[in-house]
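Quick caveat, the model's predicted, so the values are computed rather than measured.
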Amino acid sequence: MKFAYALRAACGVLSDARQGPTLYDVCDPLLGGNSVLAEGGNAHLRRFYRTALGNPALRIVLARAGLSQLRDAQRLHHLQNALRAARDEAAPDWADIARPLAALIDEHPQRHPRPGPAKLVAPCPTPAQIDRIIRACANHLLARQRRSGFIPAYAAFNLVGDADFHGRDLITALQGLDARNYRNATLLFNLARVFILANPNVTALFNPPWQGIAEPLWEPVQIRHRSAYYDAFYAEALMDFIASGAATPRDIADARNAVGQLIDFCLRVSREEAPLPDGGSTCTVVTAITPPPHSRISRFFWRIKQDLGFDIYVPDCDTTACALSAAAQAGVCDPMLDQPLIDFYAGYQVGRGGNRHAPTVAINDTIDYDGGIVTWIENLAGERPFGNDLDPTLNLDVLEASLRNLDRWQIVDNSRRLDVLRGIVGFQRRLVQSGQFANPRAHIYYLPELYC
């Protein structure tokens, strides 16, 4: 964000006249007490409010962001009653809690970003220039690996939310999430989102315009971390660099060494035992984010994650598939690859008998889930904090891992395993035939452009 733009937006926020009660008018009487352990209320909901939404920087911005609909005393009463139920009841009716906020969300619809086209400032690059770009990118990855001992990934908060997330989706999410911590977070973040979208100057501050094909990360809220999910992608990129013909002998040696370290992080450091979906034994899978020190998240952000209740992170089908695919491409020999993971995935496939792992957070319910693999894997403690959802692109990663291990897992010669793979292919085929693959609502985590 350019400084001049940020200054103008901030001045607009501070000069705005309040249009009605603010987020803090609504929440402070219910959640803003001096003690996060106050009796009679859910301690996490209070702590989350004070830490995430009541922090001084956000309070300065949102203190003047009123909501005209809440001038209606009855609507304000219903919204505060919903928050009171989320705070006080042992087993709240989350659909009932969501309804007053869902109505407000639908009164402030968003449009998908429509960035202007990037200006063509030079002719198309020559093959030699492309080779230089490939080397520059690969050398950047290798330099970070040498300097830090890992290649960092970055995440960012986006309080403006997703243009495809509507009121009914809030109801779906609050009912489908398993852990109360995540329900609390979803409720309060979406409450803040409404106050942001209702005030144009605040929206402009949180959602500055951008050009090109990807929105830049907003630096003040970047979280640097290490993840097996991205380590697998970095390993594949470096293997492509080795095969490109653009690498020098020294580059090749450095890249092979880095690939070995990246895959070791995926298969050894990030490995976790998970129960087989059909009961009985266990299977070795891969967790996307391991606890510190392996995750390389700063103490500051990890403490915030713990305070907000985000310290439980279960393994997932996608990270496992990407890690095994990268390892297979690298020719790694590890007992994890010898497991016929297709049997494990079968227990997470929709439509296979009594699948207790069917999607519960079915925000993209316009697609036919039959044959698809859901996202989250239950850990040994039986925890599934995110409930479960299903993303088409995740299923392409499972399909790729299965095809790369076709012989190792004896898929073609085993009719049951072949049926699982055909189920995934059928799921993908129906997405294309229906045109839903190009609909952003069909995707939970990925862009349709990536799917294509």
Self-check item: CZ-CD1 distance between Phe344 and Ile377, expressed to the nearest 0.5 angstrom
Solution: 4.0 Å
Self-check item: Main-chain N/O of Leu174 paired with Arg183 side-chain donor or acceptor, under 3.5 Å
Solution: yes
Quiz item: Are side-chain N/O atoms of Gln436 and Thr366 paired as donor and acceptor at under 3.5 Å?
Solution: yes
Exercise. Please work out whether the ring planes of Phe48 and Phe189 are parallel, tilted or perpendicular, with thresholds of 30° and 60°.
Key: perpendicular
Quiz item: Between Asp391 and Ile444, is there a donor-acceptor pair closer than 3.5 Å when you use the side chain of the first and the backbone of the second?
Solution: yes
Quiz item: What heavy-atom pair brings Cys283 and Gln339 nearest, and what distance separates the two atoms?
Solution: SG-OE1, 3.5 Å
Self-check item: Donor-acceptor under 3.5 Å (Arg226 side chain, Asp231 main chain)
Solution: no
Quiz item: Going by atom types only, do Asp389 and Tyr445 share a side-chain donor-acceptor pair under 3.5 Å?
Solution: yes
Quiz item: Hey, is the main chain of Arg46 close enough, under 3.5 Å, to the side chain of Arg50 for a donor-acceptor pair?
Solution: no
Self-check item: Whether Tyr230 and Tyr234 hold their rings parallel, tilted or perpendicular, with breakpoints at 30° and 60°
Solution: tilted
Quiz item: Would you call Asp88 and Arg84 a salt bridge, taking side-chain N to carboxylate O under 4.0 Å as the test?
Solution: no
Self-check item: Distance-only side-chain donor-acceptor flag, Asn184 / His44, under 3.5 Å
Solution: yes
Quiz item: Nearest 0.5 Å, what's the CD1-OG distance between Ile342 and Ser402?
Solution: 3.5 Å
Practice problem: Would you mind reporting whether Leu104 and Leu79 have side-chain heavy atoms less than 4.5 Å apart? | Solution: yes
Quiz item: Okay, side chain of Thr360, backbone of Asn388: is any donor-acceptor separation there less than 3.5 Å?
Solution: yes
Exercise. Go through Glu272 and Thr284 one step at a time and tell me if the side-chain hydrogen bond (donor to acceptor under 3.5 Å, both in side chains) criterion holds.
Key: CA-CA 6 Å; Glu272 182 174 340; Thr284 305; over 6 Å; no
Quiz prompt | Exam field: side chain Ser270 to backbone Phe265, donor-acceptor pair closer than 3.5 Å | solution = yes
Exercise. Answer yes or no: is there an ion pair linking Asp164 with Arg441, defined by an N-O contact shorter than 4.0 Å?
Key: no
Quiz item: Do Ile367 and Phe427 have side chains that get closer than 4.5 Å, going by heavy atoms?
Solution: yes
Exercise. Taking atom types as modelled, find out whether Thr22 and Asp25 have a side-chain donor-acceptor pair closer than 3.5 angstrom.
Key: yes
Practice problem: Sequence neighbours left out, what passes side chain to side chain contact (heavy atoms under 4.5 Å, CB included) with Ala381? Give chain and number order. | Solution: Asn379, Glu383
Quiz item: Rounded to the nearest 0.5 Å, how far apart are OG1 of Thr393 and CG of Asp318?
Solution: 8.5 Å
Quiz item: Are the aromatic ring centres of Tyr24 and Phe195 under 6.0 angstrom apart?
Solution: no
Self-check item: Polar side-chain atom of Arg417 near backbone of Ala346 as donor-acceptor pair, under 3.5 Å
Solution: no
Practice problem: Quick one: do Asp28 and Tyr49 satisfy side-chain hydrogen bond (donor to acceptor under 3.5 Å, both in side chains)? Show the steps, please. | Solution: CA-CA 9 Å; Asp28 276 356; Tyr49 173 70; 2.5 Å; yes
Exercise. With sequence neighbours left out, write down each residue that passes side chain to side chain contact (heavy atoms under 4.5 Å, CB included) with Ala163, or none if nothing qualifies.
Key: Gln110, His112
Quiz item: Is a side-chain donor-acceptor pair under 3.5 Å present for Tyr369 with Asn364?
Solution: yes
Self-check item: Gap between atom CG of Leu238 and atom CD of Gln261 - 0.5 Å precision
Solution: 11.0 Å
Quiz item: Could you state the interatomic distance from CG (Asp264) to CZ (Arg271), rounded to the nearest 0.5 Å?
Solution: 10.0 Å
